[in-house]
**Student:** 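Pasting a structure below so you can have a look.
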Amino acid sequence: MDPVIHRQTLGDLLRRSAARSPHKLAIVCGDTRWTYAEFDRTSERVAAGLAAHGVAKGTRVAILARNSHAFAALRFALARLGAVVVPINFMLKADEAAYILRHAGATMLATDSELARLARAAAANDTPVCNFVWLPSEEASVPEPDMIAFDALAGSDGELPDVDLNGSDVLQIVYTSGTESSPKGAMLTHDAVLWQYVSCIVDASIASDDLALHALPLYHCAQLDVFLGPSIYVGATNVITARPVPDNLLPLIARHGISSFFAPPTVWISLLRSPLFERTDLSSLRKGYYGASIMPVEVLRELAQRVPQVKLWNLYGQTEIAPLATMLGPEDQLRKPGSCGRAVLNVETRVVDDAMRDVAPGDVGEIVHRSPHLMLGYFHDDERTAAAFEGGWFHSGDLATIDGDGFITVVDRKKDMIKTGGENVASREVEEVIYRLPEVSEVAVVGIPHPRWVEAVVAVVVVKSGQQLTESQVLAHCTATMAAFKAPKRIVFAETLPKNPSGKLLKRQLRQSHEAMFARD
């Protein structure tokens, strides 16, 4: 029997949505507005144009670009050809991006005018890249010379080749952010990503009547595969922007009547602190999502007070599981504060000790998963693949507790657990205490080398605009609330905390910046 009859790949997903709702608005980005029929036709033509330039099944094509309609269309075009997309963090330096291009064996690199210089520099650093594709941006931009123009591809009248594709083929290689180690390329199949879409749709209530705003970088699997992909699967309308800042986001929500929005806690906090927040009509917003880190309880309460119509979901996972693993729903946000919830529909999750035994409620263990969402393994890295799947489960590297109801609370990455004076301190616990101070906007707690304690607990605090706070006030608050060994030894005040474009705190940078703090003690 013809295998196409049973096929379910990412490219098929868009074609089916277009068949169901051809005239429905699919994509809005700047001045571009595509119906589902137009989005599907554009992706088909781009695929045919890329095929004429030698892109075929298995070809690795990297994307180093900001969010745009073209990024979305290229993503589906590559899927139809069986090509493997390699999204690259645009905050990387040229040599860091070149490492990914070399490691992935990418022969084509798509970029935009803003990042073209970085893309050229990276590709010139001993990589196999031999072709560039220029992508138009949210704002008007001029095509780069010597690059294949997206608009030319979209105007292609060539035939799409017949490609032997199935769900077990690799769809993408997504490199981990490298906040703790050198980047690893997680190989994800069409099956893995689409099973994950089903979990997102069911457990995060993604629906066809959503008007979703996609503002976090599409190179990151959270925005790309927890929100944009599932939204296209169900036929929702999608507004894409490249600037996740309050002065852009709040007007977009009001202008388009956005009903669904995802951002990490850092972005939600920035919205709350913006002077535009109270002046913006947010009545259309009904669904709010966060991830990358736990939302501070005080911020959850503030959101509940200031936008009471918004239901919140906490979505937890990582690149290797495509990336959704667990979910905390709206009804449990304040009932189970700080928890990342329970396993989603197509995931089985445990919290285990070093012998792979389930830990008792309240004890700390490692989160492990089994799921069709999971990656095949790390590209060209059998050793780290074997370690990740040791014992027949995927090892997340996250430390957590589980309560009697099965709700999981992440306490830290294994390497982020602070060991001070022989005692383990979870930075998350200290951060939650400091967030109770009304003057605090953001805080990150890290372990810094100390001659006596081995590691000392240090808090880096961002104070709200117009507020004042002293080190002695923070220390007194902490020592009054928690055991003395958990309280910070030092408070550092900063204007901002270092983050990657997906909003994840870069604690490694904080450790490096302050590693000599106690050198003279």
Side-chain angles (χ1 to χ4, degrees), residues 10-11 43 46-47 49-68 70-135 144 146-150 153 163 165 169-178 182-190 192-193 217-221 224-225 319-320 375-381 384-385 501:
L10 188 75
S43 295
V46 169
L50 289 171
H53 286 279
V55 177
K57 182 177 180 179
T59 303
R60 268 89 73 193
V61 178
I63 305 179
L64 179 62
R66 297 190 182 274
N67 292 5
S68 69
F71 191 126
L74 177 62
R75 194 271 198 284
F76 282 91
L78 293 172
R80 288 187 171 170
L81 292 171
V84 179
V85 67
V86 183
I88 298 181
N89 180 343
F90 52 68
M91 294 296 287
L92 297 179
K93 301 294 185 183
D95 58 344
E96 295 171 313
Y99 167 83
I100 293 174
L101 293 171
R102 286 193 301 271
H103 190 269
T107 56
M108 179 176 279
L109 176 57
T111 189
D112 53 35
S113 297
E114 183 179 350
L115 295 167
R117 184 176 179 181
L118 172 63
R120 291 184 193 276
N125 193 350
D126 191 29
T127 76
V129 172
C130 55
N131 273 317
F132 291 90
V133 173
W134 173 81
L135 303 179
E144 286 287 314
D146 306 322
M147 291 189 181
I148 303 164
F150 175 87
L153 294 173
V163 183
L165 271 180
D169 289 320
V170 175
L171 168 67
Q172 57 203 36
I173 302 175
V174 185
Y175 281 77
T176 60
S177 60
S182 59
K184 305 184 292 287
M187 295 183 290
L188 292 157
T189 65
H190 291 260
V193 171
L218 289 172
Y219 78 73
H220 193 280
C221 52
L224 183 67
D225 286 324
T319 300
E320 292 89 341
M375 65 174 183
L376 287 178
Y378 295 117
F379 190 58
H380 290 167
D381 200 333
R384 286 203 278 189
T385 297

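In what follows, every heavy atom counts, from backbone to side chain, and hydrogens, waters and symmetry copies are set aside. Keep in mind it's a predicted model, so treat the numbers as computed, not measured.
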**Student:** Can you give me the closest heavy-atom contact between Val55 and Ala83, atom names plus distance?
**Tutor:**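 Looking at all heavy atoms of both residues, the shortest contact is CG1-CB, 3.7 Å.
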
**Student:** Work out which heavy atom in Leu115 is nearest to a heavy atom in Ala65; give both atom names and the distance.
**Tutor:**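 Nearest heavy atoms, Leu115 then Ala65: CD1-CA, 3.7 Å.
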
**Student:** Restricting to non-hydrogen atoms, name the atom on Gly82 and the atom on Leu165 that form the minimum distance, rounded to 0.1 Å.
**Tutor:**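 What the structure gives for the nearest pair is CA-CD2, 3.5 Å.
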
**Student:** What distance separates Ser43 OG from Leu78 CG, expressed to the nearest 0.5 Å?
**Tutor:**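 With rounding to 0.5 Å, OG (Ser43) is 9.5 Å from CG (Leu78).
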
**Student:** Could you go step by step and tell me if Tyr175 and His103 meet the side chain to side chain contact (heavy atoms under 4.5 Å, CB included) rule?
**Tutor:** CA-CA 10 Å; Tyr175 281 77; His103 190 269; 2.7 Å; yes

**Student:** Kindly compute the distance separating CG (Leu64) from OG1 (Thr111), expressed to the nearest 0.5 Å.
**Tutor:**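 Those atoms lie 5.0 Å apart.
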
**Student:** Is there a donor-acceptor contact under 3.5 Å from the side chain of Thr127 to the main chain of Ala98?
**Tutor:**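 Pair absent, no side-chain N/O of Thr127 close to backbone of Ala98.
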
**Student:** So do the side chains of Leu74 and Leu135 get within less than 4.5 Å of each other, counting heavy atoms only?
**Tutor:**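 Counting from C-beta outward, Leu74 and Leu135 do come under 4.5 Å.
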
**Student:** Say you draw a straight line from NZ of Lys184 to OG1 of Thr319; how long is it, rounded to the nearest 0.5 Å?
**Tutor:**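 The OG1 atom of Thr319 is 9.0 Å from NZ of Lys184, to the nearest 0.5 Å.
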
**Student:** Is a side-chain donor or acceptor of Arg102 paired with a backbone partner of Asn125 at a separation under 3.5 angstrom?
**Tutor:**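 Present.
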
**Student:** What pair of heavy atoms forms the shortest contact from Gly54 to Thr59, and how long is it?
**Tutor:**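 Of all heavy-atom pairs spanning Gly54 and Thr59, the closest is O-OG1, 4.1 Å.
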
**Student:** Nearest 0.5 Å please: distance from the CD1 atom of Ile100 over to the CD1 atom of Ile173.
**Tutor:**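 That separation rounds to 11.0 Å.
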
**Student:** Could you tell me whether the side chain of Leu109 reaches within less than 4.5 Å of the side chain of Arg120, counting heavy atoms only?
**Tutor:**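 With C-beta onward as the side chain, the pair stays apart.
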
**Student:** For the pair His190 (side chain) and Leu10 (backbone), establish whether a donor and an acceptor sit closer than 3.5 Å, ignoring hydrogens and angles.
**Tutor:**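 Answer holds: yes.
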
**Student:** Quick check against the 3.5 Å criterion: does Arg60 have a side-chain atom that pairs as donor or acceptor with the backbone of Ala104?
**Tutor:**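 Yes.
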
**Student:** Quick check for you: to the nearest 0.5 Å, what is the distance between His53 atom NE2 and Asn131 atom CG?
**Tutor:**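 Going from NE2 on His53 over to CG on Asn131, the span is 7.0 Å.
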
**Student:** Within the 4.5 Å heavy-atom criterion, are Ser113 and Glu144 side-chain neighbours or not?
**Tutor:**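 Yes, side chains in contact.
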
**Student:** Can you give me the closest heavy-atom contact between Ile88 and Ala62, atom names plus distance?
**Tutor:**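 Result for this residue pair: CD1-CB, 3.8 Å.
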
**Student:** Give the C-alpha distance, both sets of side-chain angles, the deciding distance and a yes or no for side chain to side chain contact (heavy atoms under 4.5 Å, CB included) between Phe150 and Val46.
**Tutor:** CA-CA 7 Å; Phe150 175 87; Val46 169; 3.7 Å; yes

**Student:** State, yes or no, whether a side-chain contact exists between Leu188 and Leu171 at a heavy-atom distance under 4.5 Å.
**Tutor:**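 No, every pair of side-chain atoms sits at 4.5 Å or beyond.
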
**Student:** With no hydrogens and no angle check, is any side-chain donor or acceptor of Asp225 less than 3.5 Å from a backbone partner on Val193?
**Tutor:**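 Not at all, since once roles are kept as given, no pair shorter than 3.5 Å links the two residues.
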
**Student:** Taking Asp169 first and then Lys57, would you say they form a salt bridge - that is, a charged N and a carboxylate O separated by under 4.0 Å?
**Tutor:**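 Looking at Asp169 and Lys57, the cut-off is met.
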
**Student:** Would you name the heavy atoms of Gly11 and Ala79 that are closest together and state the gap between them?
**Tutor:**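 Looks like N-CB, 3.9 Å.
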
**Student:** Looking at CG of Leu218 and CZ of Arg66, how far apart are the two atoms once the value is rounded to the nearest 0.5 Å?
**Tutor:**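 Reported to 0.5 Å precision, the distance equals 12.0 Å.
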
**Student:** With a 3.5 Å distance limit and no angle check, can you tell me whether Thr385 reaches the backbone of Tyr378 through a side-chain donor-acceptor pair?
**Tutor:**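 Flag set: sc Thr385 to bb Tyr378 pair under 3.5 Å.
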
**Student:** Any side-chain heavy-atom pair from Met108 and Leu50 closer than 4.5 angstrom?
**Tutor:**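 Yes, at least one pair of side-chain atoms sits under 4.5 Å.
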
